[in-house]
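Quick note on labels: first sequence line is chain A, next is B, and so on, each numbered from 1.
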Number of protein chains: 4
Amino acid sequence: MSIKCGIVGAAGFAGVELIRVALRHPEFELVAVTSNELAGTPVAKEYPGFTGATDLVFAKHDDPAIDECDLVFLAVPHTAAMAMAPKIVNRGGVVVDISADFRLKDPAVYEQWYKVPHTQTELLKRAAFGLPELFPDDLARAAQERAQGKGALVGCAGCYPTATSLAAAPAVRMGLVADNAPVVVDAISGVTGAGKKATARTHFCFADENLEAYGVATHRHTPEIEQILGIPGRLVFTPHLAPLNRGLLSTVNLPLAADATRDAQEIIEQYKRYYQDSTFVTVLDKGVMPKTSSVVGTNCAHIGLAVNERVGMLIAVGAIDNLGKGAADQAVQCANIVWGLPENLGLDTVAVPV
Amino acid sequence: MSIKCGIVGAAGFAGVELIRVALRHPEFELVAVTSNELAGTPVAKEYPGFTGATDLVFAKHDDPAIDECDLVFLAVPHTAAMAMAPKIVNRGGVVVDISADFRLKDPAVYEQWYKVPHTQTELLKRAAFGLPELFPDDLARAAQERAQGKGALVGCAGCYPTATSLAAAPAVRMGLVADNAPVVVDAISGVTGAGKKATARTHFCFADENLEAYGVATHRHTPEIEQILGIPGRLVFTPHLAPLNRGLLSTVNLPLAADATRDAQEIIEQYKRYYQDSTFVTVLDKGVMPKTSSVVGTNCAHIGLAVNERVGMLIAVGAIDNLGKGAADQAVQCANIVWGLPENLGLDTVAVPV
Amino acid sequence: MSIKCGIVGAAGFAGVELIRVALRHPEFELVAVTSNELAGTPVAKEYPGFTGATDLVFAKHDDPAIDECDLVFLAVPHTAAMAMAPKIVNRGGVVVDISADFRLKDPAVYEQWYKVPHTQTELLKRAAFGLPELFPDDLARAAQERAQGKGALVGCAGCYPTATSLAAAPAVRMGLVADNAPVVVDAISGVTGAGKKATARTHFCFADENLEAYGVATHRHTPEIEQILGIPGRLVFTPHLAPLNRGLLSTVNLPLAADATRDAQEIIEQYKRYYQDSTFVTVLDKGVMPKTSSVVGTNCAHIGLAVNERVGMLIAVGAIDNLGKGAADQAVQCANIVWGLPENLGLDTVAVPV
Amino acid sequence: MSIKCGIVGAAGFAGVELIRVALRHPEFELVAVTSNELAGTPVAKEYPGFTGATDLVFAKHDDPAIDECDLVFLAVPHTAAMAMAPKIVNRGGVVVDISADFRLKDPAVYEQWYKVPHTQTELLKRAAFGLPELFPDDLARAAQERAQGKGALVGCAGCYPTATSLAAAPAVRMGLVADNAPVVVDAISGVTGAGKKATARTHFCFADENLEAYGVATHRHTPEIEQILGIPGRLVFTPHLAPLNRGLLSTVNLPLAADATRDAQEIIEQYKRYYQDSTFVTVLDKGVMPKTSSVVGTNCAHIGLAVNERVGMLIAVGAIDNLGKGAADQAVQCANIVWGLPENLGLDTVAVPV
């Protein structure tokens with residue numbers, strides 16, 4: 001099998017990680033990478049780590065080669081993805097979108113947080129939610145549609161929602177979490193999460209040796225996490241920036257239901273069963289907490305669990321690579337599933353150890 | 001005035017920051033610095049930034065010069081401080097302790113969290129709590145005792161409790177916070193917080209490019225924060241480690257009381273009034289969040305505030321230098337107060353800007 | 001004494017370090033800070049570490065307050081300094097310039113390396129070279145001119161020239177170095193050396209976890225170092241960028257003259273005598289090499305020396321803070337000297353230890 | 001083909017990188033990993049990035065499974081490798097040693113720099129030098145010996161020698177470099193180069209935000225580089241430490257012969273021809289200098305070239321991953337060659353882009 005694939009918006013950090021993974025993928029033939037800003041520039045000039053590995057040159061987004069692709073990854077800003085996806089799906093192609101355009105099921109919620117109307121509400125209904133461990137049926141349906149020649153669309157989960165939901169969803173779904181109580185999530189991301197654009201915020205000298213919170217009470221991943229976990233209006237989400245390139249750690253504070261166990265070991269065992277068939281999610285043993293360095297460059301997520309018995313709170317900590325499981329690698333995992341391939345095809349599972 | 005002072009446990013990170021500040025202090029005469037491990041080593045050999053600035057040599061903890069000091073900073077591990085403090089106070093000296101031995105008012109709580117009995121319960125009663133912005137009366141009493149020749153003892157607040165409480169206390173004390181609901185604190189520290197000992201955890205290659213939580217549900221600053229804020233059994237505290245040297249950020253999630261305002265601007269104004277006479281605490285304007293880099297090397301704390309109206313949660317974020325306001329600089333601030341000096345004497349308030 | 005001073009180009013990294021030092025200086029009254037780009041912005045908004053410490057607001061470069069200043073620091077790009085200096089000096093003011101405009105004594109060399117003509121060749125003749133340890137007479141003359149009401153101009157040494165020359169000059173001047181042989185200098189700088197502008201090169205994610213050489217065989221500090229050391233056409237200078245904020249290390253390879261000693265200890269003793277009256281330069285003992293962290297935030301330079309006896313090469317390593325001794329702090333040292341003040345007034349000599 | 005392989009000294013940084021690569025290698029079956037210190041500890045416990053990827057447990061160095069291996073990587077300290085290698089080679093096994101024991105051809109030179117006698121001088125004669133791009137014949141001979149059932153021994157080049165020699169050897173071998181003149185090499189390494197042991201030097205808080213030179217005039221890679229390049233007694237080598245994990249940059253200053261071209265473009269073209277068949281070495285275009293981040297996690301080397309025409313010096317800059325091409329990956333490349341496999345089998349050539 002050879003899947004012709006293209007990446008639109010390939011020059012950003014998630015986009016270029018998609019290039020790296022796509023080039024290694026045994027079933028992908030990467031035929032087009034686009035960037036309006038860098039059109040005409042070889043990938044290896046902008047990112048010299050690709051020297052000798054590819055002769056691909058960034059093209060404009062409207063590169064005709066995209067029209068020939070079986071699979072198109074969209075790594076463009078929100079609203080741009082919404083504008084591009086219909087054409088591809090309508091011709092029977094598969095879109096795996098890592099923008100925010102096809103994540104929120106309710107267009108009104110999208111409009112409320114993104115301050116623009118959703119213009120593709122019909123297509124939105126077809127979108128599979130790209131977080132395979134939690135929404136396998138969505139992706140199974142997309143796979144079926146693809147097989148039937150109808151095209152398919154996956155709206156991949158964001159980076160914070162991925163780490164947070166993998167850590168929290170088993171407890172919520174198994175009924176361990178109190179109804180109505182607030183869920184507090186404090187998360188930390190490396191600077192790749194702030195994007196490739198050179199700004200004061202991404203300047204080495206301002207990011208280095210600094211910690212800060214941002215988007216407090218306003219971050220757009222809030223409604224996405226609430227949607228995934230089914231906790232509307234209950235999330236307090238604060239992201240933080242720390243001086244590292246890749247890595248995202250989400251600390252989720254889940255108030256335990258009155259009748260739920262306070263035994264961390266028991267909860268850990270429940271989690272392990274929950275993820276027992278998962279290739280990429282590891283639930284750590286009691287007393288062990290995840291390190292983001294353990295998952296950098298991979299599609300893996302590590303989850304640590306502890307119980308604060310005094311307060312009756314489950315603390316679930318999830319670690320991912322924000323560009324890996326939080327973006328590019330998860331997008332490839334979704335594409336693998338849509339094509340019926342092993343979900344780990346072409347994906348690393350071992351981080352560079354130091 | 002010349003205050004003869006000594007630092008016991010001066011070779012650790014808080015200790016050596018005390019050396020730096022004490023050497024610059026116009027009223028301190030630093031006569032003794034001790035380290036059992038490095039006894040005989042010049043300070044400038046172990047920390048070459050002091051080359052040319054001091055000829056002091058680390059002595060053993062039982063250095064007789066300590067007995068001559070008017071002021072002794074204890075920067076030793078807990079239990080060691082408890083063993084050393086009585087002799088000094090009993091001879092009319094002043095002890096400013098940055099260990100945990102004289103922070104917790106209830107010896108039973110100390111024993112529960114530190115797993116050793118408190119052997120100086122009488123002296124503990126005399127201890128002033130060293131967090132001047134929140135407990136000015138304690139320090140005023142200590143100042144009086146010193147003036148009366150009775151000696152004095154200050155048990156300085158820990159690093160996480162300082163940042164957390166400065167951010168949270170005004171809201172709690174002004175009645176904005178709901179009774180009985182959990183308070184979730186997620187905090188991040190630079191690696192100096194993990195101490196000078198060379199371990200796998202403090203190895204550059206394991207700390208660099210990594211984020212992790214530690215001490216989850218078990219960190220010993222938990223009861224201290226609960227004591228300061230008066231929220232026994234309600235705190236969920238998770239500290240995290242990030243790859244920077246100095247800097248501590250505490251994100252405090254305070255559930256607002258039913259009748260409390262949801263207007264962030266109003267709360268910010270209340271905070272500004274609360275700290276209007278404070279030299280070191282700055283409440284930032286609406287929409288601005290603190291950066292730890294803004295306070296590194298100083299005794300300052302910056303506080304940012306936001307309200308999550310959907311959930312009814314106040315998010316208060318405090319930034320300090322864990323070795324500055326979180327340890328050495330705050331200890332000097334306390335000493336200044338005990339001697340009736342301007343509280344900022346000898347202390348920096350402007351961070352190195354980049 | 002109160003010296004009214006202004007900083008033109010105060011928003012860049014050297015400029016803002018000048019603000020920090022000027023605010024602490026007991027004899028300076030800082031009345032004007034300019035930045036065409038940030039005119040109207042409070043210093044403390046752009047650099048929140050100044051919150052509470054100053055109400056100064058950036059003005060345009062042509063701020064009339066500059067005309068009232070006794071002392072003006074120019075921290076603007078080359079050619080801009082050349083355009084501004086004459087007016088100030090002509091009215092009897094003192095200019096301390098940290099651009100490259102008044103460093104090179106030969107206008108033809110300036111034109112060759114900077115690709116623009118030097119338009120102030122008369123004023124250039126008056127310029128004192130701002131590297132006090134090596135050119136004390138220059139500054140003494142400037143001090144005299146100022147005292148006579150003639151105004152004065154100091155062209156401060158660049159960052160690489162300062163570290164390199166402090167490490168190399170004693171050997172060269174004492175005749176230890178072979179004539180005619182090449183002198184190879186490889187130096188490393190933190191990212192503040194690349195300036196405040198947000199670019200791909202200063203983006204955290206490209207600078208972090210990376211090492212690279214730049215300006216190879218073309219860096220403009222080459223003729224300046226050759227001028228200082230009196231080694232025209234003999235310097236091979238390669239600067240490198242490493243992932244830290246501040247700090248500059250210069251490794252200078254000096255071929256020893258045939259009749260020069262190969263005994264490192266003897267050379268070290270000669271260096272110590274050379275710098276025996278220097279407040280800021282420390283020659284380290286045999287076997288000890290300097291760390292840039294030991295001098296960050298200060299005007300100090302640390303120098304380490306070793307001899308490769310097999311090849312007959314003296315390796316002299318100099319460490320400075322590129323924004324301290326390499327820019328702002330040295331400028332203040334020069335100003336102190338021009339006013340007959342203690343050269344270390346207002347300057348730190350102890351780095352924050354960790 | 002399935003090559004049973006073992007790694008002795010697998011818990012250090014080079015050793016664990018060998019584990020990572022060996023696990024991905026399509027022809028290797030990794031059956032034994034040893035560490036006397038961590039014997040009994042699962043690899044995934046010490047390095048959690050391997051969680052889910054391997055159940056291997058560190059065994060003692062004398063693990064009998066090593067005796068069954070076709071291929072043994074020795075990642076132990078010098079002298080230990082010398083003690084272990086004979087037994088393996090004598091039974092017909094292949095040893096790829098990344099210690100220093102089999103690099104220096106002259107036992108007297110070994111003894112001079114390592115201060116211990118070489119006890120395996122016969123075996124030393126058989127050792128192939130493991131730097132395939134420069135010594136292909138050595139490895140071809142080793143491959144033949146292996147095929148004949150005689151066992152084989154490869155002594156891999158060190159990290160600094162690899163980067164330095166790949167950058168310098170073409171110029172030297174093509175006669176561009178002056179005889180008798182000194183060759184100055186200044187190199188910079190990330191902290192993984194300082195090893196896994198937790199020391200003051202590898203402590204995050206001392207390595208972070210610091211630059212320093214070390215081993216000045218004494219580093220043991222000096223004679224190795226001189227041997228490779230054939231420049232006995234002419235090398236001045238100074239390594240430096242910078243705050244990053246992986247990455248090594250070597251700046252080599254080569255005095256050009258009187259009759260050699262000064263045209264950088266011409267030299268670059270000669271270099272490109274020299275490495276035209278090389279999978280892993282890339283010679284960059286004129287004006288481009290290598291970044292270590294471009295080769296991290298790979299077996300690649302990037303080389304940049306410039307000429308200082310005024311002095312007649314070729315500056316050749318080589319970038320590698322000190323644990324990749326500088327250690328583990330190069331060892332696997334050597335093993336591939338010894339087995340007649342494609343030299344890049346199992347090795348990455350594209351770095352994680354950010």
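- In this structure, the portions of C:Val16 lying under 4.5 Å from any heavy atom of chain B include both its backbone and its side chain.
- For a residue to count as touching a neighbouring chain, one of its non-hydrogen atoms must lie under 4.5 Å from one of that chain's; by this rule C:Asp285 does not touch chain B.
- Among B:Tyr47, B:Phe280, B:Phe13, the residue with the largest count of heavy-atom pairs under 4.5 Å with chain C is B:Phe13.
- Around atom NZ of B:Lys45, no more than 12 heavy atoms belonging to other residues, nucleotides or ligands sit under 6.0 Å away.
- When the shell of 6.0 Å around CD of C:Gln265 is examined, it contains more than 12 heavy atoms from other residues, nucleotides or ligands.
- B:Lys291 contributes atom NZ, which lies 10.5 Å from atom OG1 of C:Thr51 (distance to the nearest 0.5 angstrom).
- Contact between B:Arg246 and C:Pro353 at its shortest, heavy atoms only, is NH2-CD, 3.9 Å.
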Item checked: side chain to side chain contact (heavy atoms under 4.5 Å, CB included) between C:Lys196 and B:Val354, worked out -> CA-CA 10 Å; C:Lys196 190 195 179 189; B:Val354 278; over 6 Å; no
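- Interface summary for chain B: among C:Val296, C:Thr279, C:Asp208, the most heavy-atom pairs under 4.5 angstrom belong to C:Asp208.
- With a 4.5 Å cut-off on non-hydrogen atoms, C:Leu23 does not touch chain B at all.
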